[in-house]
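Okay, so here's the structure we're looking at.
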Amino acid sequence: MTGVRNRPALSVVGGGLGAGKTSLIARLLEQPGMGRTGVVVNEFGEFGVDDLMLGSSAPDAQLALLRNGCICCRPGNDLSEAVRKMIAAAPEPLVRIVVETSGVAELSAVLAKIGADHVLRGMVRLDAAIAVVDATAPDETRAEHIACADRIVVTKTDLVVPIAAAAIRRRIAAMNPTVPILDGQARPDPDVLFNAGLIDGRSGEVQADAWLRAQGSVHVHHHGENPDSIRSWLIETGPQDWTQLSQHIARMSRAAGPALLRLKGIVADRDDARPLALQMVRDQIYRPVRLTREAGDGRSRIVVIARATAAPAVEALAKRLSAAEVAIEVP
Ligand SMILES: Nc1nc2c(ncn2[C@@H]2O[C@H](COP(=O)(O)OP(=O)(O)OP(=O)(O)O)[C@@H](O)[C@H]2O)c(=O)[nH]1
C-alpha cells in the first residue's frame, strides 16, 4: 500500500443544484499547479453534462462520471471503484482527486460514506470538504453543508449587491465559526482551497492546528432560538483515556442523533505523548490518526458543530470530560 503522504489528496465539492460546483472546478483546473488532478463527477440523473464542461476546460484531466443517483445513497462502492480505476489509468501518479457531488446530495452524507469506506481510505489521503454556496439563493444554504465543510466558496457574488454577499458570509460564519470563506469570483488559489487535511500536502508534515482551526477562533455564538439553528462548541480539557473518550463520544452521538453534524479534535492521550486527531461527520466516527509528539501541547481541544437540540448531549460530554473551559452559545 502506498504511504499515506504519497497518496492522492481526495477533496469533495458539495453544494445545491446549480450552485456553481462544476464552474468552480473548471476554473480551478485551468490554473497552474492543477496538473495531475482527477475529477469524479456524480450526476443525479442519467445524462451528465458536467464532465463535458470539465473536459473542455482541462482536456488533460482524468475524468470519471458516476451517473444515476447520489453516491451517498446508492449501495455499493462505486466511488471506490471509480477512484481505483482512475489511479490505475493515470499516465502519471495523481496528486489530487476532486469529487463533485450531485446537487441533491448532502455533503455530510458523502463524507460519512467516504469515512466508512476503508478500501477508498487506503488509496487516498483525505483533504478538503468544500461547500459551494450560491449568493443568489441564500435560502437554499444548507446547514449540513456549512457545518461539515473545511472551506466555503460563495459563488455568483457578481450577481448580488455587496451588502447581500456580506450578509451571507456573516450567516455562514455564525454557523461554522472556524471555516475560511472564499469568494468564487476571486478565483480561489488551489493552495488555499485545498490542503485542508491533517497532512500538509507540500511539506508532508502534520498540520494539526491549521486542520482544527480552533486556536482562539471559536467564540460564543448564538444563532437564533430556532431548534434547527446551528451551534458550535469548543471543549478544552486535559489528557484523556482514549477508550473512555470514544465511549463518551459515542454516547453523546447517540443522544444527539441527527442533530450532531460535525466533530473534530486533537486529543492529548493519557498513555502516549503523541496526540490523536479524531473526526466525525454525523454519526460516522473516522478512525483516529496518531500524530507526532510535536503536534501536542498536553491539551485536548474538541470542536463540535450541531443543531441547538444537541446542546444537552454536548454539554454532558463536556462535563464527563471535566472540561476546564467550554465555550457555549448563549441565548
Ligand atoms: N454569474 C455567475 N454565474 C455563475 C457563477 N458560478 C456558476 N455560474 C453559472 O451558474 C450555472 C450553474 O453552474 P454549475 O457550475 O453548472 O453549477 P453546479 O453546481 O455544478 O450544478 P449541478 O451540477 O447541476 O448541481 C451555470 O450557468 C454557470 O455558468 C458565478 O460565480 N457567477
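Note that the numbering runs from 1 along the sequence shown for the chain. Start at 1 and go down the list; that is how both ligands and their atoms are numbered.
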Return a yes/no value for [X]: is any of its N or O atoms, backbone included, closer than 3.5 angstrom to an N or O of ligand 1?
X     : answer
Gly20 : yes
Leu24 : no
Ala19 : yes
Ser23 : yes

Salt bridge flag under 4.0 Å for residues [X] and [Y]:
X      : Y      : result
Asp183 : Arg169 : no
Arg27  : Glu30  : no
Asp241 : Arg270 : no

Would you mind running through ligand 1 and noting each atom that sits below 4.0 Å from a heavy atom of [X]?
X      : result
Leu17  : 25 (O)
Asp158 : 1 (N), 2 (C), 30 (C), 31 (O), 32 (N)
Gly16  : 19 (O), 25 (O)
Leu159 : 1 (N)

Applying side-chain hydrogen bond (donor to acceptor under 3.5 Å, both in side chains) to Ser246 and not counting sequence neighbours gives none
**Request:** For the residue pair Arg36 and Gln62, confirm or rule out a side-chain donor-acceptor distance under 3.5 Å.
**Result:** no
What about Leu159 and Val153, same hydrophobic cluster or not, with Ile/Leu/Val/Met/Phe/Trp/Tyr joined at side-chain heavy-atom distances under 4.5 Å? no
By the rule that ILVMFWY residues connect when side-chain heavy atoms come within less than 4.5 angstrom, directly or transitively, which residues belong alongside Ile163?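 Noted: Ile163 shares its cluster with Val161.
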Counting only heavy atoms closer than 4.0 Å, does ligand 1 sit against the backbone of Thr157, its side chain, both, or neither?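 For Thr157, no heavy atom sits under 4.0 Å from ligand 1.
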Donor-acceptor under 3.5 Å (Asp127 side chain, Phe194 main chain) |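 Side chain of Asp127 to backbone of Phe194, a donor-acceptor pair under 3.5 Å: no, none is there.
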Looking only at non-hydrogen atoms, the one of Arg27, Lys156, Lys21, Glu100 nearest atom 19 (O) of ligand 1 is Lys21
| query | Taking the non-hydrogen atoms of Gly18, is any one of them nearer than 4.0 angstrom to ligand 1? | reply | yes
> For ligand 1, is Ala26 a contact, meaning one of its heavy atoms is under 4.0 Å away?
Replying inline: no
